[in-house]
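All of these numbers come straight from a predicted model, not from anything done at the bench.
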Amino acid sequence: MLTKRQEEILSLIVIRYGSTRIPVGSKVLMDSIKASSATIRNDMKVLENAGFLKKEHLSSGRVPSVDGYKYFIDNFLKPDQLDRDAIFEIMNSFDHDFYRLSDIFETAASLLASRTGLTSFVMGIPPIDQVLTNFDIVVLDNHSALAVMTLSTGMVKTNQFVLPSSMAVDDVKKISAIVKSRLVGKKVLDIHYALRTEIPQILARFFQVTANLSELFDYIFSVLYEEDIQMVDEYKLLDYAKHNEKLYQLLSDREMLAQKLRGIVKDDNARTIKLGDDDLFENLTLIAQKFIIPYRGMGTALVIAPIDIDYDRVVGIVDLIANILSMKLADYYRYLDGNHYEVQR
């Protein structure tokens, strides 16, 4: 159990080291802690023995340990309130028309990266939780067609495919009708299940030759499972996590990366801060903040950083951008729900 003075010393060291990257000695703290240098040194030794501080090289100063940062976050974290000019600049970055949801997410991820100087991500609702709200097939020529799928977020997914040689125009209409009657209105996860259960039976009822039709359905809907994750300044992770080959490989696979991040960020927490709790993110901090996607679910804004950062500043920025993102999405969906549609480029 730490004393009040020991907690104050730990908090000050975390804050000072996060902004200066210079080990903190007892004399530096005397202006803030009403105690002698010797008393402060003794308390610093107690904190070191408890695993909250560590000594760097031969310097008399101390730096926070991972446990020290965790204690600070659990007990003293006070996200910075950005000044009016900074808030105005961030809001102004969103002050133009957006025609695609991914453009809004990309803007938010870029702002996170520029304001924090860290690798930044923005993710929407998990693909399996989204609902298919509309489906159409556009025949392009005698050999190919385009499936156009609209999700409940307003996002449009398209997938071009080759028409089987035995398929006539009426067959394409049958497929479209089956999807609209059986799959539109379902969650993507339920669609995945239906493609393996009821859809093959329905196809056998309407088509004499069903060879490759189930595979065609699987291919058409495969794009619905793809993550739409916006990632900015991922190269900085190469500096944060030197020699972390697993992380390097994960950065090249956005699907796996998004699944890993979703596994760390719990659905029931508005804010998540994880410090080196995973082998993949050893010596790294993940800071995530949920934002509202009106009447549809929650998205996630997050940054990955070295452990020794200014947490009050970074968390304040992540919180603010997540809040502004919720406001912008409310405007976006008021427009979208007024019988307008997202433009796919």
Side-chain angles (χ1 to χ4, degrees), residues 99-102 123-229 253-260 262-263 267 293-299 333 336-345:
Y99 300 103
R100 298 190 305 171
L101 185 62
S102 58
M123 299 184 294
I125 300 170
I128 59 173
D129 291 336
Q130 297 202 42
V131 175
L132 180 66
T133 58
N134 197 28
F135 178 88
D136 284 300
I137 294 179
V138 179
V139 176
L140 302 176
D141 53 43
N142 292 333
H143 306 290
S144 62
L146 184 72
V148 183
M149 293 159 278
T150 306
L151 297 171
S152 51
T153 56
M155 187 174 292
V156 176
K157 298 261 189 173
T158 61
N159 201 1
Q160 186 172 340
F161 60 95
V162 175
L163 293 170
S165 57
S166 60
M167 185 171 287
V169 173
D170 285 345
D171 293 331
V172 174
K173 292 179 179 178
K174 284 182 188 178
I175 289 176
S176 183
I178 289 171
V179 172
K180 289 178 178 179
S181 65
R182 296 290 180 165
L183 300 181
V184 168
K186 289 182 180 289
K187 282 189 175 182
V188 170
L189 181 61
D190 295 331
I191 291 173
H192 183 267
Y193 178 75
L195 292 178
R196 277 144 188 77
T197 54
E198 63 177 288
I199 294 301
Q201 299 175 20
I202 294 170
L203 292 176
R205 202 182 309 157
F206 285 93
F207 294 91
Q208 291 184 346
V209 179
T210 60
N212 301 324
L213 268 184
S214 291
E215 290 82 356
L216 177 61
F217 267 65
D218 283 340
Y219 175 76
I220 288 173
F221 291 102
S222 62
V223 296
L224 296 185
Y225 316 131
E226 295 174 359
E227 286 278 1
D228 186 27
I229 178 172
D253 187 340
R254 294 199 172 202
E255 293 295 311
M256 288 299 297
L257 176 62
Q259 291 175 25
K260 183 67 177 179
R262 290 194 190 282
D267 291 337
I293 302 178
Y295 306 109
R296 290 158 174 90
M298 303 291 287
Y333 281 111
L336 191 69
D337 291 342
N339 296 320
H340 295 278
Y341 297 91
E342 185 181 73
V343 175
Q344 186 79 10
R345 289 187 302 202

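- Ion pair Glu226/Arg254 not flagged as a salt bridge, since none of the NZ, NE, NH1 or NH2 atoms sits closer than 4.0 Å to an Asp/Glu carboxylate oxygen.
- Minimum heavy-atom separation, Asn159 to Ile220: ND2-O, 3.3 Å.
- Taking each heavy atom of Ala194 and Pro200 in turn, the nearest pair found is O-CD, 4.0 Å.
- Residues forming a ring-ring contact (aromatic ring centres under 6.0 Å, His included) with Phe161 (at least two apart in sequence, or on another chain): none.
- Residues satisfying the ring-ring contact (aromatic ring centres under 6.0 Å, His included) test with Phe217, not counting sequence neighbours, are none.
- With rounding to the nearest 0.5 angstrom, the OG atom of Ser144 is 5.0 Å from the CD atom of Gln160.
- Note that the CD1 atom of Ile125 and the CD atom of Gln130 stand 5.5 Å from one another [nearest 0.5 Å].
- For the residue pair Phe135 and Ile137, the shortest heavy atom distance occurs at CE2-CG1, 3.5 Å.
- Taken from CD in Glu227 to CG in Asp253, the straight-line distance is 11.0 Å, to the nearest 0.5 Å.
- Taking every heavy atom of both residues into account, Phe206 and Lys174 meet most closely at O-NZ, 3.4 Å.
- The closest donor-acceptor contact from the side chain of Tyr225 to the backbone of Val188 lies at 3.5 Å or more, if one exists at all.
- In terms of heavy-atom proximity, Val179 sits nearest to Leu132 at CG1-CD2, 4.4 Å.
- A distance of 10.5 Å separates CD of Glu198 from CG of Leu203, quoted to the nearest 0.5 Å.
- Across all their heavy atoms, Phe221 and Met149 have their closest contact at CD2-SD, 3.7 Å.
- Salt bridge absent: Arg296 and Asp129 never bring a charged side-chain N and a carboxylate O closer than 4.0 Å.
- Atom OH of Tyr333 and atom CD1 of Ile293 lie 5.5 Å apart (nearest 0.5 Å).
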Could you check Val148 against Val156 for side-chain contact (heavy atoms from CB on, under 4.5 Å), going step by step and ending with a plain yes or no? CA-CA 7 Å; Val148 183; Val156 176; 3.8 Å; yes
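- Of the possible polar contacts, one joining the Ser222 side chain to the Tyr219 backbone as a donor-acceptor pair under 3.5 Å is found.
- Ser176 contributes atom OG, which lies 5.5 Å from atom CG of Asp136 (distance to the nearest 0.5 angstrom).
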